[in-house]
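Data first, discussion second: the structure below is written as structure tokens.
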Amino acid sequence: MSILSSSGQAPVIGSLRLCFYGAGSMAEAVVRGLINQELAEPSRIAMFNRSNAERLAELQSKYNVRVSSAPEDQLGMLRDADVIFLTMKPKDAAEALRKLGSIVRPNQVLVSVVAGLSLHTMELLLGQKMPIVRTMPNTSSTIGLGATGVSFSAACTESHRQIALTMFEAFGLTTVVEEAMLDAVTGLSGSGPAYIYYMMEAMMRAGEELGLSASASRDLTIQTVLGAAHMVKSTGETPADLRRKVTSPNGTTQAAIETMNQHEFTEGVIRAIKRASERAAEMGAEIERSALP
Ligand SMILES: NC(=O)C1=CN([C@@H]2O[C@H](COP(=O)(O)OP(=O)(O)OC[C@H]3O[C@@H](n4cnc5c(N)ncnc54)[C@H](O)[C@@H]3O)[C@@H](O)[C@H]2O)C=CC1
Ligand SMILES: O=C(O)[C@@H]1CCC=N1
């Protein structure tokens, strides 16, 4: 079916055929999010990867989606799709886009999650302009708590925008940003879950080193992170104000934060996020160089 109904309205997402070109962590996060939110029928979702048949079998058994290791089937999946998701690593994206250039039809829409890869580079590699949605989601989409930045190519109609936003909003928060801001989104929320996991790893280790059992340390850490995020969201207070309420003068928290400051905690986190954003731009530039004649 066409992306646009005869009335020009976006059809319900459930009637669209979706193909995931790349079947790794991010593809699974989006698929699971779409299925959990009952936005997509598993039978209308096709997925394939480069060569890992075991991984495809796992995805099929978990989600009941269509998978195939046969190149001719994969070509059919791409041709039949209304929405093609580009869900491979940046290093593999140029080859995939060159291949897609001779396959895609004008009424298809491409949704990329590839870090750094610009709309312009995608058009260069495809050899044509088409509706492209460049996104930067994160893996928390899996449980409906994703955070996604989105930009649209000039060829996107209101209908394409609605389709993309409906999908990403169904499993989390979605922010439409200027394309130039997507590398910042990558550094902040695309990679962001890993920073929190890293912090949690350190907290759990500290709990254990202080003598708590592994399970007590894990449970207390999880609840602390969950509670802190909910406090910021539900009270509307700033993290700085909430932090001050925990920090008694000359108490334990002050001692901890002074120790963190000795290790330049804030500067380290800011530098890390800026470096991630810079790295996204570098990866995008590498792909763009490979796209130039
Ligand atoms: N993992 C994350 O937290 C996030 C990842 N992203 C982006 O998502 C993209 C995918 O990342 P992951 O899912 O983590 O990677 P992954 O390594 O888990 O999955 C990549 C998939 O692409 C497939 N692939 C590679 N070349 C292919 C080809 N020529 N034909 C068919 N399939 C091919 C691989 O077989 C694999 O299934 C990346 O571009 C990354 O920048 C974006 C936001 C968050
Ligand atoms: O580490 C990466 O390059 C990808 C992009 C955002 C999260 N993971």
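Any value given below was found using the heavy atoms of this structure, including those in side chains, with hydrogens, waters and symmetry copies removed. Each ligand, and each atom within it, is numbered from 1 in the order the structure gives. Everything numeric in this text was worked out from a predicted model, so none of it was measured.
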For [X], the ligand 1 atoms whose distance to one of its heavy atoms is below 4.0 Å:
X: Met136; value: 42 (C), 43 (C)
X: Arg50; value: 26 (N), 27 (C), 29 (N), 31 (C), 32 (N), 33 (C), 35 (O)
X: Ala115; value: 39 (O), 41 (O)

Which heavy atom of [X] sits nearest a heavy atom of [Y], and at what distance?
X: Thr221; Y: Ser217; result: OG1-O, 2.7 Å
X: Ile35; Y: Pro42; result: CD1-CG, 4.1 Å
X: Ser151; Y: Glu178; result: OG-C, 3.5 Å
X: Asp241; Y: Arg244; result: OD1-NH1, 2.9 Å

Original post:
Does Ala23 have a non-hydrogen atom less than 4.0 Å from ligand 1?
Top reply: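 Ala23 counts as a contact of ligand 1 under the 4.0 Å cut-off.
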
Original post:
Can the ring centroids of Tyr21 and Phe48 be said to lie less than 6.0 angstrom from one another?
Top reply: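 Ring centres of Phe48 and Tyr21 closer than 6.0 Å.
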
**OP:** Please collect all ring-ring contact (aromatic ring centres under 6.0 Å, His included) contacts where either partner lies in residues 166-194, sequence neighbours excluded, each pair once.
**Re:** Phe168-Phe171

Looking at non-hydrogen atoms alone, which of [options] comes nearest to [atom]?
atom: atom 26 (N) of ligand 1; options: Thr139, Leu86, Asp92; answer: Asp92
atom: atom 43 (C) of ligand 1; options: Ser112, Ser189, Pro137, Gly190; answer: Pro137
atom: atom 8 (O) of ligand 1; options: Val113, Leu56, Ile287; answer: Val113

Could you identify the single nearest non-hydrogen protein atom to [atom] and state the distance to 0.1 Å?
atom: atom 19 (O) of ligand 1; result: Gly24 CA, 3.2 Å
atom: atom 23 (C) of ligand 1; result: Gly22 CA, 3.6 Å
atom: atom 38 (C) of ligand 1; result: Met88 O, 3.2 Å
atom: atom 8 (N) of ligand 2; result: Ser191 OG, 4.5 Å
atom: atom 11 (O) of ligand 1; result: Lys89 NZ, 3.8 Å

Original post:
Less than 4.5 Å apart, any side-chain heavy atom of Leu117 and any of Leu97?
Top reply: yes

**OP:** Considering only protein heavy atoms, determine whether one is less than 4.0 Å from atom 6 (C) of ligand 2.
**Re:**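 Flag for atom 6 (C) of ligand 2 set to true, protein heavy atom closer than 4.0 Å.
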
Subject >> Protein contact for atom 2 (C) of ligand 2 (heavy atom, distance under 4.0 Å) >> reply: no

**OP:** Answer with side chain, backbone, both or neither: which part of Thr87 has a heavy atom less than 4.0 angstrom from an atom of ligand 1?
**Re:**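 For Thr87, the contact with ligand 1 is made by the backbone alone.
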
Original post:
Is it the side chain, the backbone, both or neither of Glu95 that has a heavy atom closer than 4.0 Å to ligand 1?
Top reply: side chain

Original post:
About how many Å separate OG1 of Thr166 and CD1 of Ile13, when rounded to the nearest 0.5 Å?
Top reply: 4.5 Å

**OP:** Rounded to the nearest 0.5 Å, what's the gap from CD1 on Ile287 to CD on Glu95? Could you check?
**Re:**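 The CD1 atom of Ile287 sits 12.5 Å away from the CD atom of Glu95.
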
Validation: residues 268-277 side-chain donor-acceptor distances under 3.5 Å, sequence neighbours left out:
unit_1, atom_1, unit_2, atom_2, d
Arg275, NH1, Glu278, OE1, 2.6
Arg275, NH1, Glu282, OE2, 2.9
Arg275, NH2, Glu282, OE1, 3.4
Ser277, OG, Asp183, O, 3.3

Any N or O on [X] sitting closer than 3.5 Å to an N or O of ligand 1?
X: Tyr21; answer: no
X: Met26; answer: yes
X: Ser25; answer: yes

Original post:
Given Leu110, which of Val133, Leu126, Leu119 fulfils the side-chain contact (heavy atoms from CB on, under 4.5 Å) condition?
Top reply: Leu126

Subject >> Candidate list Thr174, Thr175, Val111, test side-chain contact (heavy atoms from CB on, under 4.5 Å), partner Val150, passing option >> reply: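 Filter result, single survivor: Thr174.
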
**OP:** With heavy atoms of Gly190 as the reference, note each atom of ligand 2 found under 4.0 Å away.
**Re:** 6 (C), 7 (C)

